[in-house]
Amino acid sequence: MRKLKRTQIQQGPNFRPAVLCAPQLAPVSARQEPHAPHLSSSPMHPFHTRSTLCSASLAQMTSPAQDTVLSAASSFWSGESYTRMPRPSATDWLKQMTVHNLYLFDRNGVCLHYSEWHRKKQAGIPKEEEYKLMYGMLFSIRSFVSKMSPLDMKDGFLAFQTSRYKLHYYETPTGIKVVMNTDLGVGPIRDVLHHIYSALYVELVVKNPLCPLGQTVQSELFRSRLDSYVRSLPFFSARAG
Amino acid sequence: MSRPAHRRPEYRKINKDLFVLTYGALVAQLCKDYEKDEDVNKYLDTMGYGIGTRLVEDFLARSCVRRCHSYSEIADIIAQVAFKMYLGITPSVTCNNASRNEFSLILDKNPLVEFVEELPTGRSSLCYCNLLCGIIRGALEMVHLAADVTFLQDRLKGDSVTEIGITFLKKLDEKKYRRKK
């Protein structure tokens, strides 16, 4: 096996990556998956394609020395170089990132607004129950975080993520809570949520004397401005993520 | 079309005279509607409360102040940030009692009374700027702080300065919601 690899590599730069990728590669990547919680579980994720993996390992082989090549190749087969693979390019991530939905709660737990963009699976319960569930969970997490924090709390609860989505949270001192579910690749978006609060909710709802506070926002202007703002975000992809 | 993502909305300023004269017309109309000074004061306070509950959201959106840890910090922020932002003045803050929950804002210049020479005869106990008290009270209540806000001294009534007293009563515990400490 080792001899075969040496021969292949010595053939020069015009190797075909597919040659080095044996069918064993697929189970290796599947085994590694639980240890990489931040990756999408979709098998078609560009990170898991064979050509990416192979070109990654081959990119490390800068020295023509045989032992360097051999050690790189052997570590590649043992799976260690999995951690040294290059990150997917920015365009790969951008194609995947999207915003799933957005909730807006007030200080009494009333859901002021809800919109969704890409939601493939519903909760299976009526919307009212879903809002109560979401609010109750957020309240519990907030109090848990403040109690169990080992250091002095600065901002409190910011986000949580699962293997499929990330939930971002922003709360004002008046109790207005902005909750956005996005794809995993999205980083901290506190400023986005603050913009939704300040430039959309405050400007269009709070400052409108005809919009009563404490109930669902009926303003169509708010709905459409919020929708166009979210669609204009850099991490929003129109293709269902 | 939507606004560009991170552009700050432009805050349109209005003419100060227009604002001051409108306020004066409001108080004058209330005086016509209600005979007793206490009623006018009460109504001004109620109107201010409604304004304060909404104004606090705008204040938080624009000023990005951090969460306060003491009443004196809150009084400082009201005086130095909020008053500056909305009225263009910076009252000075003093603490009135040892238990640190009574504060005074001393206004040496009050833009709302710019065109008022003196209170009309028969209206000697009218708190002309009682709207401000209501605003502060409404705003504090929205951030879960019950407070009592009144005018302690008023230049229009003959005192040397205008002084607003804020007494913090208690932190409003939202039952079943956030529980502080």
Side-chain angles (χ1 to χ4, degrees), chain A residues 105-110 132 135-136 138-140 142-147 152-157 170-177 189-192 194-209 211-214 221 224-236, chain B residues 1-12 14 47-71 73-74 77-78 81-82 85-86 135-147 171-181:
Chain A
F105 290 102
D106 82 342
R107 58 206 289 245
N108 297 322
V110 175
K132 278 194 222 164
Y135 187 82
L138 291 172
F139 175 69
S140 307
R142 245 187 33 226
S143 60
F144 173 86
V145 159
S146 65
K147 275 201 190 98
D152 281 333
M153 226 173 53
K154 206 166 150 240
D155 286 325
F157 172 55
Y170 175 79
E171 189 191 355
T172 69
T174 48
I176 303 293
K177 302 163 178 61
I189 50 165
R190 209 164 156 76
D191 53 339
V192 168
H194 177 76
H195 184 270
I196 290 177
Y197 168 70
S198 65
L200 293 173
Y201 177 69
V202 166
E203 290 289 318
L204 302 177
V205 178
V206 172
K207 287 189 176 172
N208 183 350
C211 272
L213 300 181
L221 178 65
S224 63
R225 285 266 178 98
L226 177 65
D227 184 67
S228 51
Y229 173 69
V230 170
R231 284 181 192 277
S232 74
L233 288 171
F235 50 83
F236 181 88
Chain B
M1 288 299 288
S2 66
R3 288 175 178 163
H6 293 288
R7 195 187 66 180
R8 282 185 162 270
E10 283 129 16
Y11 297 106
R12 289 179 198 86
I14 61 164
M47 288 169 67
Y49 180 82
I51 293 175
T53 51
R54 293 196 182 227
L55 197 70
V56 69
E57 307 265 11
D58 179 62
F59 173 68
L60 290 172
R62 281 160 68 175
S63 66
C64 307
V65 288
R66 288 271 167 205
R67 207 163 277 274
C68 297
H69 297 108
S70 69
Y71 289 139
E73 273 184 52
I74 297 172
I77 285 185
I78 292 176
V81 187
M85 192 187 277
Y86 291 111
I135 291 178
I136 297 174
R137 186 171 66 89
L140 287 173
E141 195 164 306
M142 289 301 279
V143 288
H144 313 118
L145 290 164
K171 291 199 171 80
L172 294 169
D173 240 13
E174 323 153 58
K175 58 169 182 75
K176 118 174 188 159
Y177 309 119
R178 153 169 269 160
R179 206 162 285 281
K180 276 199 219 181
K181 293 174 220 30

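Proteins get letters first, then strands, A, B, ... in listed order; numbering begins at 1 in each.
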Is there side-chain contact between A:Asp155 and B:Arg66, with heavy atoms separated by less than 4.5 Å?
-> yes
Gap between atom OG1 of A:Thr174 and atom CE of B:Met142 - 0.5 Å precision = 6.0 Å
Crowded around B:Tyr86 OH? As in, over 12 foreign heavy atoms under 6.0 Å?
-> yes
Side chain, backbone, both or neither of A:Asn208 within contact of chain B (heavy atoms, under 4.5 Å) = backbone
Minimal non-hydrogen separation, B:His144 against A:Pro173, with atom names | CE1-O, 3.7 Å
Distance from A:Leu213 atom CG to B:Arg54 atom CZ, nearest 0.5 Å?
-> 4.0 Å
By a 4.5 Å heavy-atom criterion (distance strictly below it), what part of A:Ile176 contacts chain B: side chain, backbone, both, or neither?
-> side chain
Can you check whether A:Ser198's main-chain N or O pairs, donor with acceptor, with B:Arg62's side chain at less than 3.5 Å?
-> no
B:Asp58 and A:Glu203: which non-hydrogen atoms are nearest, and at how many Å?
-> OD1-OE2, 4.4 Å
So which heavy atom on B:Ala61 is nearest to which on A:Val202, and how close?
-> CB-CG2, 4.0 Å
